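Note sheet for the following structure.
Just follow the structure's listing: the first ligand is 1, and inside any ligand the first atom is 1. Given the structure is predicted, the values throughout are model-derived calculations rather than measurements. Numbering starts at 1 and runs along the sequence shown.
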Amino acid sequence: MEIKEEGASEEGQHFLPTPQANDAGDFQFTSIQKTPNEPQLEFILACKDLVAPVRDRKLNTLVQISVIHPAEQGLTRYSSTEIVEGTRDPLFLTGVTFPSEYPIYEETKIKLTVYDVKDKSHDTVRTSVLPEHKDPLPEVGRSFLGYASFQVGELLKSKEQLLVLSLRTSDGGKAVGTIEVSVVKMGEIEDGEADHITADVQGQKCALVCECTAPESVNGKDNLPFLKAVLKNPVCKLYRFPTSDNKWMRIREQMSESILSFHIPKELISLHIKEDLCRNQELKELGELSPHWDNLRKNVLTHCDQMVNMYQDILTELSKETGSSFKSSSSKGEKTLEFVPVNLHLQRMHVHSPHLKGMLISLSIPVPDALYDVITVGAPAAHFQGFKNGGLRKLLHRFEMERRNTGYQFIYYSPENTAKAKEVLSNINQLQPLIATHADLLLNSASQHSPDSLKNSLKMLSEKTELFVHAFKDQLVRSALLALYTARPGGVLKKPPSPKNSIEESCPQDPPPPMKRQDSIPHHSDYDEEEWDRVWASVGKSLNCIIAMVDKLIERDGGGEGSGGGSKDGEKDPSLVDPIITHPREDWYEQLYPLILTLKDCMGEVVNRAKQSLTFVLLQELAYSLPQCLMLTLRRDIVFSQALAGLVCGFIIKLHTSLHDPGFLQQLHTVGLIVQYEGLLSTYSDEIGMLEDMAVGISDLKKVAFKIIEAKSSDVLPVITGRREHYVVEVKLPARMFEALPLQIKEGQLLHVCPVLFNVGINEQQTLAERFGDVSLQESINQENFELLKEYYMTFMEKMPPDYISHFQEQNDLKGLLENLHQNIQAKKRKNVEIMWLAATICRKLNGIRFTCCKSAKDRTSMSVTLEQCSILRDEHQLHKDFFIRALDCMRREGCRIENVLKNVKCRKYAFNMLQLMAFPKQYRPPEGTYGKADT
Ligand SMILES: O=P(O)(O)O[C@H]1[C@H](O)[C@@H](O)[C@H](O)[C@H](O)[C@@H]1OP(=O)(O)O
């Protein structure tokens with residue numbers, strides 16, 4: 001018989017044993033009846049009257065749980081309880097849970113092995129081969145006490161779903177005590193007499209009461225099959241902890257990977273390739289340029305083509321990773337995986353407690369269960385490129401300063417201006433085809449002679465055209481046109497530009513003549529600066545002509561009310577229609593067709609000019625310090641991709657878990673969501689560069705907007721559109737869920753996020769930074785982000801409805817928390833972890849998305865999320881104060897996070913040495929025996 005360890009497969013990535021997910025092969029086994037998406041089986045353990053091998057020795061016991069799959073011979077190590085010290089009657093707080101995906105049947109056998117731990121610092125988990133009916137080999141630090149086994153079916157069919165089993169030595173001889181196995185259900189608290197149990201907790205006696213309470217229905221918040229499409233390989237752990245009044249609360253911890261780890265980078269790289277190919281084409285189509293500019297363009301094109309090839313290679317490599325959902329910390333520096341976030345997981349805590357404070361804020365309804373989600377991920381950073389010269393924050397700043405200060409021979413466009421250029425280009429690319437579609441729909445309605453549909457089509461066309469015209473209301477296009485003119489061979493400026501900004505300034509008189517494309521572009525002719533205004537205004541004029549014509553047609557048809565579209569000026573201008581001959585019972589299509597053609601032509605001309613001028617802006621951006629500029633773009637793309645993958649994952653999970661909350665949905669479309677990142681990086685050595693990358697990556701998330709659309713097929717993965725500086729992530733929801741959304745969201749309103757980052761270095765490197773280095777980076781990041789958080793809070797207070805706010809204020813003292821956070825940031829205290837707790841609390845109260853990051857999201861992150869979980873249990877669910885440290889130790893020793901370490905580095909040890917540990921704030925130190933160098 002062999003012992004395998006769950007999660008310790010070759011790749012160290014898979015939680016499920018083979019055969020995968022309920023696939024019992026040729027065998028027929030009895031499935032366990034279960035609620036969909038709920039764990040199949042959960043039980044807790046307690047021992048009684050354990051016999052110590054040596055008289056009077058105090059026992060420190062743990063139970064190891066192993067599974068014998070009915071179709072297999074092998075014994076698979078599944079999980080362990082924590083160590084309970086100094087008692088012969090241990091009651092374990094760490095239970096056992098088999099998630100819905102786990103292949104467990106009534107015939108499955110469970111083996112419980114009880115050990116006495118002599119030396120916690122040497123207590124290691126065996127992964128080696130072991131005969132089933134033999135005493136386990138002596139292990140360093142622990143000795144075998146006894147074992148018991150049972151079939152799952154026996155437990156489920158037993159009275160009160162409770163088994164009391166004798167623990168025996170391996171030869172089946174002497175009984176060495178008993179072990180109780182009792183089934184628990186998260187949402188139900190057992191009926192029956194109150195059961196007093198005494199637990200000896202590190203020398204303290206504490207009476208615990210398993211009390212009967214009326215069963216509460218399980219909240220369906222996490223009962224969302226749709227989420228399964230993005231979350232993979234869940235690891236589940238179960239605990240029971242006492243409350244301050246000696247009742248039990250139950251906690252289920254869940255950690256899942258996400259296929260978005262790979263899906264989002266692939267989407268994004270494809271988008272970059274599309275954008276860059278398109279830009280390269282536009283550069284080629286810029287027309288004739290003076291020799292200086294032409295050479296620059298050739299040079300830019302050579303480099304940009306190389307970049308596109310490189311992105312294509314990365315995409316090809318990533319596409320080979322079909323079905324992957326996890327990049328381990330040890331792959332951080334792999335070039336082909338650079339765009340993929342490190343160790344991305346959803347870390348979820350599900351609490352079922354008798355004292356539930358959790359409320360649906362907007363409805364004031366107490367909820368039976370509470371969920372707390374944190375996304376854990378390695379700090380978005382360009383590990384392959386390295387940190388020798390610092391990270392993005394510094395590199396971009398330096399680059400801009402050099403660019404600004406060099407005696408550069410052409411116009412300097414600030415980063416804001418180049419961003420603007422990209423935004424306008426993105427808007428053009430989205431709006432032009434949309435307007436063309438609405439124009440065709442209008443013609444279609446006209447050919448059907450349908451007044452209602454004509455009015456509707458016109459309304460849509462007017463809205464989109466207004467947006468289009470608005471997109472050009474910017475001085476940038478005008479100045480770029482001028483710059484392009486001067487870059488043409490022989491381009492001479494006749495008079496200085498006199499900006500005219502809006503179409504309102506030009507009064508539509510006659511329908512504008514269709515443009516002749518080539519002739520209208522300034523080449524060698526004198527530059528007429530006002531020509532752009534005329535071209536631009538012609539779109540508005542053409543639209544007004546169409547509106548007037550539709551009004552007229554409907555009026556003649558006896559409709560009377562007109563299109564309701566209204567001209568741009570708010571009233572009809574009869575001169576617009578007078579020149580057009582109309583007939584009784586006209587052919588509407590024929591009347592409108594030439595006007596639509598003119599609109600399309602005018603629009604084409606505007607697009608053509610604007611695209612050229614803005615492409616010229618981009619050429620100037622690229623032309624300066626070419627390879628450096630492209631390397632910076634690559635670095636920024638890499639960091640952004642990692643950040644975006646996490647954000648999309650967090651957004652989808654948040655959306656699914658809060659769909660039922662109208663307050664949340666309103667917040668989503670009126671204010672947007674706060675996304676709070678907790679950084680644990682030190683401001684010393686390489687991690688300075690990581691933090692500089694991370695700060696830019698997170699800040700770049702402001703450029704992302706979400707749009708919720710109805711899923712039309714089984715493909716529910718999000719789609720990214722737009723271009724750099726201006727991304728839209730389309731998130732799909734099945735019809736049933738989509739229908740329940742507020743109208744604004746259903747109509748495609750863009751939903752924004754407000755990302756904030758607070759960093760507090762906690763390790764030995766930070767000690768060095770504080771003593772001999774510089775912590776100014778951390779201080780300025782925290783200060784800047786505090787301002788952003790405050791701004792978000794003000795908008796929230798301003799935009800949410802007054803009755804919501806008054807209730808919200810009754811429940812939360814957000815103002816006080818913000819002041820406290822501000823004071824802590826100002827205080828400049830060393831390793832001030834209070835900052836992180838306050839920022840996280842504010843984020844949770846504001847319904848935000850929480851992230852925790854360190855370099856690998858493995859060790860420090862695990863300490864932090866477990867601390868956060870236990871602090872929530874203490875503050876929100878009245879965790880018994882004497883059990884705070886024990887709960888923390890349970891989660892760190894046998895919880896999801898040690899599995900995270902295992903899947904990353906194939907060893908169950910947090911990578912801390914004594915020196916590192918001593919440098920940590922106390923509550924960030926893991927329990928003895930769980931850290932150090934790997935024992936293999
Ligand atoms: O998950 P991390 O905290 O970034 O892991 C660190 C760990 O904190 C540190 O003690 C150890 O020396 C390693 O640097 C870990 O980083 P890895 O990236 O090597 O996992």
Side-chain angles (χ1 to χ4, degrees), residues 12-13 255 257 261 326-335 337-338 340-345 347 374-387 391 639 642-643 646 677-694 697 757 759-769 778 831 833 836 851-868 891-892 895-936:
Q13 295 188 11
M255 183 184 74
E257 300 165 1
S261 281
F326 167 66
K327 170 177 153 186
S328 73
S329 66
S330 42
S331 312
K332 271 197 300 284
E334 270 183 39
K335 174 146 184 54
L337 296 179
E338 263 191 306
V340 180
V342 179
N343 193 16
L344 173 73
H345 286 90
Q347 169 77 27
V374 181
I375 305 290
T376 62
V377 63
H383 290 276
F384 177 78
Q385 297 195 17
F387 306 98
V639 172
Q642 296 178 17
Y677 290 80
E678 167 179 321
L680 296 154
L681 294 171
S682 63
T683 50
Y684 198 78
S685 187
D686 273 2
E687 290 199 7
I688 298 181
M690 283 175 219
L691 184 55
E692 287 168 347
D693 271 354
M694 181 183 188
L757 162 66
N759 188 81
V760 179
I762 56 168
N763 67 3
E764 79 293 353
Q765 302 268 57
Q766 190 62 21
T767 312
L768 293 176
Q778 176 172 295
K831 297 189 183 172
V833 291
M836 301 195 291
F851 280 79
T852 298
C853 313
C854 57
K855 176 170 61 168
S856 298
K858 176 170 64 64
D859 304 312
R860 283 166 286 180
T861 294
S862 296
M863 297 307 108
S864 184
V865 288
T866 44
L867 176 60
E868 182 173 344
M891 286 182 180
R892 288 173 177 172
C896 290
R897 300 311 301 192
I898 198 80
E899 306 289 350
N900 183 278
V901 174
L902 177 70
K903 73 197 274 188
N904 274 287
V905 291
K906 297 178 194 158
C907 160
R908 281 174 185 273
K909 294 270 183 197
Y910 300 109
F912 304 132
N913 57 34
M914 268 322 263
L915 181 82
Q916 288 175 309
L917 222 65
M918 295 322 290
F920 280 169
K922 267 207 176 82
Q923 294 192 327
Y924 289 78
R925 299 176 190 168
E928 221 183 315
T930 61
Y931 57 87
K933 228 180 126 267
D935 291 342
T936 41

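Residues Asn759 and Gln778 bring a donor and an acceptor atom of their side chains to less than 3.5 Å of each other. Between Gln765 and Ser685, the side chains place no donor N or O within less than 3.5 Å of an acceptor N or O (distance only, hydrogens not considered).
Ranking protein heavy atoms by distance to atom 17 (P) of ligand 1, first place goes to Ser856 OG, 3.4 Å. Here the heavy atom of the protein found nearest to atom 11 (C) of ligand 1 is Ala911 O, 3.3 Å. Atom 3 (O) of ligand 1 has Arg860 NE, 2.8 Å as its closest protein atom, hydrogens excluded (heavy atom only). The shortest contact between atom 12 (O) of ligand 1 and any protein heavy atom is with Gln916 NE2, 3.2 Å. Remark: minimum distance from atom 13 (C) of ligand 1 to any protein heavy atom is reached at Lys855 NZ, 4.3 Å.
The N/O atoms of Cys854, backbone and side chain alike, include none that comes under 3.5 Å of an N/O atom in ligand 1. Below 3.5 Å of separation, one finds an N or O of Asp859 facing an N or O of ligand 1.
Considering only heavy atoms from C-beta on, Met836 comes within 4.5 Å of Leu680 through its side chain.
Of all the heavy atoms of Lys858, the ones lying under 4.0 Å from any atom of ligand 1 are found in both the backbone and the side chain. Contact annotation: for Ser330 versus ligand 1, there are no heavy atoms closer than 4.0 Å.
Of all atoms in ligand 1, numbered sequentially from 1 with element shown, those under 4.0 Å from a heavy atom of Lys332 are 17 (P), 18 (O). Numbered from 1 in the order shown, with element, the atoms of ligand 1 that lie under 4.0 Å from a heavy atom of Ala857 read 1 (O).
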